[in-house]
Number of protein chains: 2
Amino acid sequence: MARPARITRDDVAHAALRALDDVGYDQLSMRTLAKELGVGTMTLYHHVADKDDLVDAAIDLVFAGLPAAMPDAGVTGRARVIAVATTVLDLLLEHPGLIQARGQRALRRPTTLAVTNDLARGLLEAGVDPATAGVGIPLLLDYAIGCAGFTTQIEDEETFEALRQALPADEFGPLLAVNQAVIDTYGPPYTRRRAFEINVERILDGLGAR
Amino acid sequence: MARPARITRDDVAHAALRALDDVGYDQLSMRTLAKELGVGTMTLYHHVADKDDLVDAAIDLVFAGLPAAMPDAGVTGRARVIAVATTVLDLLLEHPGLIQARGQRALRRPTTLAVTNDLARGLLEAGVDPATAGVGIPLLLDYAIGCAGFTTQIEDEETFEALRQALPADEFGPLLAVNQAVIDTYGPPYTRRRAFEINVERILDGLGAR
DNA sequence: ACCTGAACACCGTTCAAGT
DNA sequence: ACCTGAACACCGTTCAAGT
């Protein structure tokens with residue numbers, strides 16, 4: 001039996017994901033990663049082509065666990081769409097470094113086609129017109145990415161208070177009014193995940209899902 | 001009259017925006033930018049605090065022109081929301097480097113509060129419940145960002161054909177069906193901007209906008 | 001065959017000095 | 001007062017050599 005290689009691509013991918021989670025993409029360096037794995041910097045290049053490929057390996061690691069989390073045949077189409085969308089959001093919220101590193105490619109790996117297909121299945125089962133479903137799938141995914149990485153959501157009352165005091169009421173009346181209504185109706189705690197859930201329901205209504 | 005400074009913050013911001021558009025954030029360097037402006041690298045630091053501030057200046061430049069593009073009082077609330085959302089999308093599509101560089105901060109500048117306020121105004125005018133409007137505003141903005149920077153949209157028939165041939169029909173039936181319906185119904189040309197317009201209408205339906 | 005140190009061509013930013 | 005070159009502490013990746 002040959003001596004196993006000291007490190008595998010999987011080891012590298014796991015270390016990269018941990019570094020992305022801990023310090024973010026900007027601070028992720030081949031040198032530091034190699035040091036952490038106890039190998040020379042150049043050894044990494046035997047397992048990944050370059051830094052891009054390193055991040056792709058980390059992405060695949062995250063989405064590899066996704067099919068198992070998918071709802072089984074027993075649920076309604078609407079429940080399936082909600083489950084898939086929020087699972088994607090949760091994965092992205094857990095690993096914000098992925099979006100920082102990859103942008104669009106984070107959801108363009110072969111691994112994520114199963115997700116897209118599950119959304120299509122759920123929407124069709126919920127009675128959504130096929131063309132409307134096809135247009136609506138990117139809406140759900142783009143919103144999940146935008147919400148995870150970029151939301152302008154106000155999540156706590158202090159931020160809202162600060163905003164209220166900073167904005168002249170005569171000019172920003174509508175904004176202050178809707179923010180007040182959100183605080184009164186939904187929170188605290190009012191998280192971006194909660195907002196996502198509420199909005200997915202509205203999106204499904206708009207798409208005509210039963 | 002004192003000799004005017006050779007370069008202003010505005011010059012630096014314009015040059016930074018051009019560089020972001022041309023070569024992207026990764027290739028944007030203080031050294032190159034300074035050379036292009038015909039000054040020493042360190043001179044830039046008299047106009048911007050650091051590279052982050054440089055990008056913020058470029059962002060403000062882009063959104064500075066936005067209030068002028070806002071619809072006036074004559075339109076319906078629904079039309080206002082559509083106009084504001086698509087204008088934001090167009091700005092982001094024109095300058096993809098902004099999202100690459102900033103992520104969430106791209107829409108968190110004081111300049112963009114006017115946008116948020118206009119969306120609130122439009123939604124309220126369209127009869128949307130205030131709390132629903134407050135939750136729905138980040139949906140519109142997050143979707144615009146996700147769509148501009150990260151969409152998984154299939155925009156041309158070749159990509160669709162490639163996908164169809166790559167995916168086994170028995171496993172990816174729903175995905176292939178909805179994609180076919182989109183091609184048949186909307187395109188070509190079916191762009192991400194077109195998809196955005198369609199989906200904003202559906203979002204407004206879901207939010208209960210008249 | 002497998003691994004990797006040294007080197008190349010870059011970065012952003014600090015500091016101290018030049019005019 | 002205003003500007004900036006040199007230097008510091010980093011990068012990702014190529015190349016050639018080491019074991």
Side-chain angles (χ1 to χ4, degrees), chain A residues 1-61 97-103 105-106, chain B residues 1-61 97-103 105-106:
Chain A
M1 235 195 289
R3 188 73 133 317
R6 285 245 280 183
I7 62 167
T8 64
R9 186 177 219 264
D10 214 55
D11 294 331
V12 177
H14 271 99
L17 181 59
R18 207 178 325 121
L20 278 172
D21 289 346
D22 290 349
V23 299
Y25 179 70
D26 289 345
Q27 301 297 320
L28 167 63
S29 101
M30 302 298 270
R31 284 164 153 93
T32 321
L33 204 65
K35 206 164 289 175
E36 210 156 291
L37 287 164
V39 297
T41 308
M42 288 311 112
T43 305
L44 296 181
Y45 286 83
H46 283 267
H47 301 96
V48 296
D50 50 23
K51 203 181 171 184
D52 271 15
D53 191 39
L54 174 74
V55 175
D56 283 344
I59 292 175
D60 285 343
L61 213 57
L98 298 188
I99 294 178
Q100 191 192 356
R102 261 302 156 279
R105 267 135 83 198
Chain B
M1 234 193 289
R3 189 72 133 320
R6 284 246 280 181
I7 62 168
T8 64
R9 187 177 219 266
D10 214 55
D11 294 332
V12 178
H14 271 98
L17 181 59
R18 208 177 325 121
L20 278 171
D21 289 346
D22 289 350
V23 300
Y25 179 70
D26 288 345
Q27 300 298 320
L28 168 64
S29 101
M30 302 300 269
R31 284 165 154 92
T32 321
L33 203 66
K35 206 163 290 175
E36 212 155 290
L37 288 163
V39 297
T41 308
M42 288 311 110
T43 305
L44 295 181
Y45 286 83
H46 282 268
H47 301 96
V48 296
D50 50 23
K51 201 182 171 184
D52 271 16
D53 191 39
L54 174 74
V55 175
D56 282 344
I59 291 174
D60 285 342
L61 213 57
L98 297 188
I99 295 177
Q100 190 193 357
R102 261 303 157 276
R105 268 136 83 199

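Side chains are part of it too, since the values below use all heavy atoms of this structure and drop only hydrogens, waters and symmetry mates. Order of the sequence lines sets the chain letters (A, B, ...), proteins ahead of strands, with each chain counted from 1.
The CG-P distance, from Leu44(B) to dT14(C), rounds to 14 Å in whole Å. As rounded to whole Å, 16 Å separates atom P of dC10(C) from atom CG of Asp26(B). Computed from coordinates, the His47(A) NE2 to dT13(D) C1' distance equals 17 Å when rounded to whole Å. Counting to the nearest Å, the P atom of dG5(D) and the NE2 atom of His46(B) are 12 Å from each other. Met30(A) has its CE atom 17 Å from the C1' atom of dA7(C), to the nearest Å. Between Lys51(B) atom NZ and dC11(D) atom C1' there is a gap of 12 Å when expressed in whole angstrom units. When rounded to the nearest whole Å, the span between OH of Tyr45(B) and C1' of dC2(D) equals 18 Å. To the nearest angstrom, P of dC3(D) lies 13 Å from CG of Leu37(B).
The heavy-atom pair separating Met30(B) from Leu44(B) by the smallest distance is O-CD1, 3.3 Å.
Within the nucleic acid shown, Leu28(B) comes within 4.0 Å of sugar-phosphate atoms alone, with no base atom in reach, counting heavy atoms only.
Between the CZ atom in Arg18(A) and the CG atom in Leu33(A) there is a gap of 8.5 Å [rounded to 0.5 Å]. Taking NE2 from His14(A) and OG1 from Thr8(A), the interatomic distance works out to 9.0 Å, rounded to the nearest 0.5 Å. A distance of 7.0 Å separates OG1 in Thr41(B) from NZ in Lys35(B), rounded to the nearest 0.5 Å. Taken from OH in Tyr45(B) to CG in Asp53(B), the straight-line distance is 10.5 Å, to the nearest 0.5 Å.
Under 4.0 angstrom from either OP1 or OP2 of dC11(D) there lies at least one side-chain N or O belonging to Thr32(A).
To the nearest whole angstrom, the two P atoms, one in dA7(C) and one in dT19(D), are 16 Å apart.
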Dot-bracket encoding of pairs in DNA chain D, which uses [ ] for pseudoknotted crossings and | for another strand, Watson-Crick or G-U under 3.5 angstrom: ||.|||||...|||||.||
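The residue among Met42(A) and Gln27(A) whose nearest nucleotide of DNA chain D lies closer to the 5′ end is Gln27(A).
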Candidate pair Leu28(B) and Leu54(B), rule side chain to side chain contact (heavy atoms under 4.5 Å, CB included), full reasoning: CA-CA 10 Å; Leu28(B) 168 64; Leu54(B) 174 74; 4.1 Å; yes
CA sep, side-chain torsions, deciding dist, call: Asp26(A), Gln100(A), side chain to side chain contact (heavy atoms under 4.5 Å, CB included): CA-CA 9 Å; Asp26(A) 289 345; Gln100(A) 191 192 356; 3.9 Å; yes
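For Arg31(B), taking side-chain heavy atoms from C-beta onward, the closest of the listed nucleotides dC3(C), dG12(D), dA7(D) is dA7(D).
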